[in-house]
Amino acid sequence: MSTPTDTTDAQVSTGEALLVEPSRLSPGRRALTTVLRSRELSIFLVLVAVVVLATTKNNGFLFSSDGWRNFLLNPSILLLLAVGQAVVIITRNVDLSVGSTMALTAYLTGRLFVDQPNLPIVVVVLACLALGAALGLVNGLLVAYGKVPALVITLGTLYIYRGIMLTWAGSDRINAGDLPRDFLALGTKTVLTIPVLTLIAVVVLAAVGYYLHTARGGRELYAIGSDPDAAVLYGLPVRRRLLAAFVLSGALAGLAGVLYTARYGTVSSSVGSGIELQAVAAAVIGGIAIFGGSGTVWGAAIGAFLLITINRALPSLGIEDFWQRAVVGVLILGAIVLDRVLSRRQARKLAESRDHA
Amino acid sequence: MSATTSTRTYADYSAPLWRRWLLTRETAVIALTAAVVLYSLANVPNFDGPLTLKFLLQDIAPILLIALPMTLIIITGEIDLSVASIMGLSSVLLGVLHDAGFSVPTAALLALLAGLACGALNGFLIAYVGLPSLAVTIGTLALFRGIAVGLLGTTAITDFTERWADLATDTIGETRIPLVMIPFAVLAVAFTVLLHFSTFGRGVYEIGLNDEAARFTGVDVARTKLVLFLLSGVVSALAGIYFTLRYGSARGDNATGYELQVIAAVLLGGVSIFGGRGRLHGVLAGVVLIGVISSALRLESVTVNVTNIIVGLLLVASVILPSVLGWAGSRLPRKAPSKDPATAGV
């Protein structure tokens, strides 16, 4: 990274220019260095390595219709949750209630189909999105206006939402037989070998990613997360943005609930328990700093893919899949240590380039 | 979030003594607990039965134990999400070692050492590498649980020597108080002395209020945090051993989800998640409150789901109420202007 560029001042290395004055580099070079230096690249390479290793041991891991489908389909639900979680964590908050929200909407999906067998699927999806958004709004209102940390609020709503779901469901259990065939087909249908559920998740990812990267509202979320007090002083609509972030997280959890029901066909009381920590883990592995202000949803999405793929790859690698969580733990610790090392190096470089100026 | 903008203090020493003692979060939690107990005694059938107290205390014992170090950790502004995973790991180690021919006390000692090692890893990464505890302990939550599940798979070890299994469910003499309350009482006294009557404890509060300032006044911030996570590891392992012997079963997924219960109880007891505020008697009342509510609702054959809703509502209400009251207070017309010359002119 220390080769001097021809197009700019000979003394400025690409790395320094990117850090201090990106506009001095040509757009192509800028894009290339951004990719090469990104946190997402390292985690993406780990994912590629896992897939390659597993595929060399067992060709069917990727190159069979089942293997390919599972590779794409299994992470889709966690991906939605991780995207929502990423947006919330970027604002220096956290949403622990997503697993319970997902359970509630999964049960709502089943309930609607059982009570109204002729209901169009779109209506059910919209109802679940609305319920998820409403639950997210409750979190958002409490966090934005109660002036208490999201960790406590969403820990509370984690219990409340799960309790409501279980009280509502009672000893009831939704089985695949209760659901319309069209809806279950949605869980297995593919377009050009790509499962529909994955396409939905990727469209959501692209939309949220584009918004965060370019829109004013998206950039303000980063500003809020970097320094909440400064954001207030600067006059950013902090409360509105926080509300929006929690509503988005809730709505995506709601969507995840529908997709879960379509994919697995059954809804039991344990749907989504513990998945909130997986969503946070996916975001952290994907390079989103737990104290807000940095990271991308692309990273969180790759993190979600990695978590699920490792689970499936371990048996192919000859390791009992009981050890999956231990591997995930090592990954999380590795990711945050790496994050620490990189941010220290960047801080040092910034200080150096300032001293030279 | 906004807590960083207002000055936070340990206690308001300008208030008269009775107000400082009576109008506190802790008093409110204790009063609420007492009210729930009295109500249950009068209205819930069998709440005064011979087994209620025993089962109630046995159920909350692990939470009571872990809440002690967790209180200190949260007062420093950190958090430990890995406690339930350490419980699971110590449970599995106890089982595996006992199966390999070690006696229960030896296996338990080794499991405690493993808990100490878990705490050391957390403490090292948080105190000396300077990583955020929320992220570190989410990682070690997965790691420790992963090792526990990896060692034992989905099987369970149940053949513990009867003498030791009985010890976990026995009561003290003719009373209805389980034996486990003796080590708990010892630890509770030790932690109370540590937090409220020692220089170490003053340091814990100082770190929570402002760790930069604590460093300047000579508090060894890193060492304090390391000690707290070591304590949390050992006590969690102890709770795991008790849990295993009580149910006579060592499993990798033992005590899953307990971390959230412990944190809910600690926060309910008046400890601030921002750090710097909270007292142990409030936390213990918080744990007992949740235990009494679940026990009473179970006797009324209300499902555990309703209990979860109530615990969640209590938790949210307990953190929201102060800011709602503060907001309402700020809307009220001010009484007499302050006579303090330092602030009167401002």
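Just so it is clear: chains get the letters A, B, ... in the order the sequence lines come, proteins before strands, and each one is counted from 1. Below, each value reflects all heavy atoms present in this structure, side chains not excepted, and no hydrogens, waters or symmetry copies.
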- Picking from B:Ser85, B:Gly130, B:Ala148, B:Gly252, which has the most non-hydrogen pairs under 4.5 angstrom with chain A?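 If we count pairs closer than 4.5 Å to chain A, B:Gly130 comes out on top.
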
Heavy-atom proximity to chain A below 4.5 Å, by part of [X]:
{"X": "B:Ile138", "result": "both"}
{"X": "B:Leu313", "result": "both"}
{"X": "B:Leu314", "result": "neither"}
{"X": "B:Ile310", "result": "neither"}

If you round to the nearest 0.5 Å, how far is [atom2] of [Y] from [atom1] of [X]?
{"X": "B:Ile320", "Y": "A:Leu141", "atom1": "CD1", "atom2": "CG", "result": "10.0 Å"}
{"X": "B:Ser272", "Y": "B:Leu209", "atom1": "OG", "atom2": "CG", "result": "9.0 Å"}
{"X": "A:Gln324", "Y": "A:Leu307", "atom1": "CD", "atom2": "CG", "result": "7.5 Å"}

- Item | Name of the residue among B:Asn122, B:Ile75, B:Ile126, B:Ile73 meeting side chain to side chain contact (heavy atoms under 4.5 Å, CB included) with B:Leu228 |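 The option that passes is B:Ile73.
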
Atom group of [X] that falls short of 4.5 Å from chain B, counting heavy atoms:
{"X": "A:Val280", "answer": "side chain"}
{"X": "A:Leu151", "answer": "side chain"}
{"X": "A:Leu331", "answer": "neither"}
{"X": "A:Ile153", "answer": "both"}

- Which members of residues 253-266 of chain B, sorted by number, sit under 4.5 angstrom from chain A on a heavy-atom basis?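 Listed by number: B:Glu259, B:Leu260, B:Gln261, B:Ile263, B:Ala264.
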
- Between A:Glu220 and A:Arg241, is there a salt bridge with N-O shorter than 4.0 Å?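 Looking at A:Glu220 together with A:Arg241, the answer is yes, because their closest N to O distance falls below 4.0 Å.
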
- Task: Using a strict cut-off of less than 4.0 Å between a Lys/Arg side-chain nitrogen and an Asp/Glu carboxylate oxygen, indicate whether A:Asp339 and A:Arg344 qualify as a salt bridge.
- Result: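 Here A:Asp339 does not pair with A:Arg344 in a salt bridge, since their nearest N and O are not under 4.0 Å apart.
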
Heavy-atom pairs under 4.5 Å with chain B, option from [options] with the top count:
{"options": "A:Tyr161, A:Tyr145, A:Phe291", "answer": "A:Phe291"}
{"options": "A:Ile290, A:Val143, A:Val284, A:Leu155", "answer": "A:Leu155"}
{"options": "A:Ile336, A:Ile285, A:Leu277", "answer": "A:Ile336"}
{"options": "A:Gly156, A:Gly274, A:Ala150, A:Gly334", "answer": "A:Gly156"}

- Task: Tell me, with the steps shown, if A:Ser97 and A:Asn139 meet side chain to side chain donor-acceptor pair (under 3.5 Å).
- Result: CA-CA 9 Å; A:Ser97 72; A:Asn139 286 333; 2.9 Å; yes

- Message: Set out, in order, the CA-CA distance, both residues' side-chain angles and the distance that settles side-chain contact (heavy atoms from CB on, under 4.5 Å) for A:Leu158 and A:Thr154, then state yes or no.
- Response: CA-CA 6 Å; A:Leu158 175 150; A:Thr154 57; over 6 Å; no

- Task: Look at atom OH of A:Tyr234 and say whether more than 12 heavy atoms of other residues, nucleotides or ligands are closer to it than 6.0 Å.
- Result: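 Incorrect, the count does not exceed 12.
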
- Task: Carefully, step by step, assess A:Ser249 and A:Gln85 under the rule side chain to side chain donor-acceptor pair (under 3.5 Å).
- Result: CA-CA 6 Å; A:Ser249 171; A:Gln85 195 66 249; 5.4 Å; no

- Task: Go through the steps to decide whether B:Val83 and B:Ser232 satisfy the test side-chain contact (heavy atoms from CB on, under 4.5 Å), and finish with yes or no.
- Result: CA-CA 7 Å; B:Val83 286; B:Ser232 177; 3.5 Å; yes

- Task: Over all heavy atoms of both residues, which pair between B:Gly291 and B:Ile60 is shortest? Give the atoms and the distance, please.
- Result: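 Here B:Gly291 and B:Ile60 meet closest at CA-CG2, 3.6 Å.
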
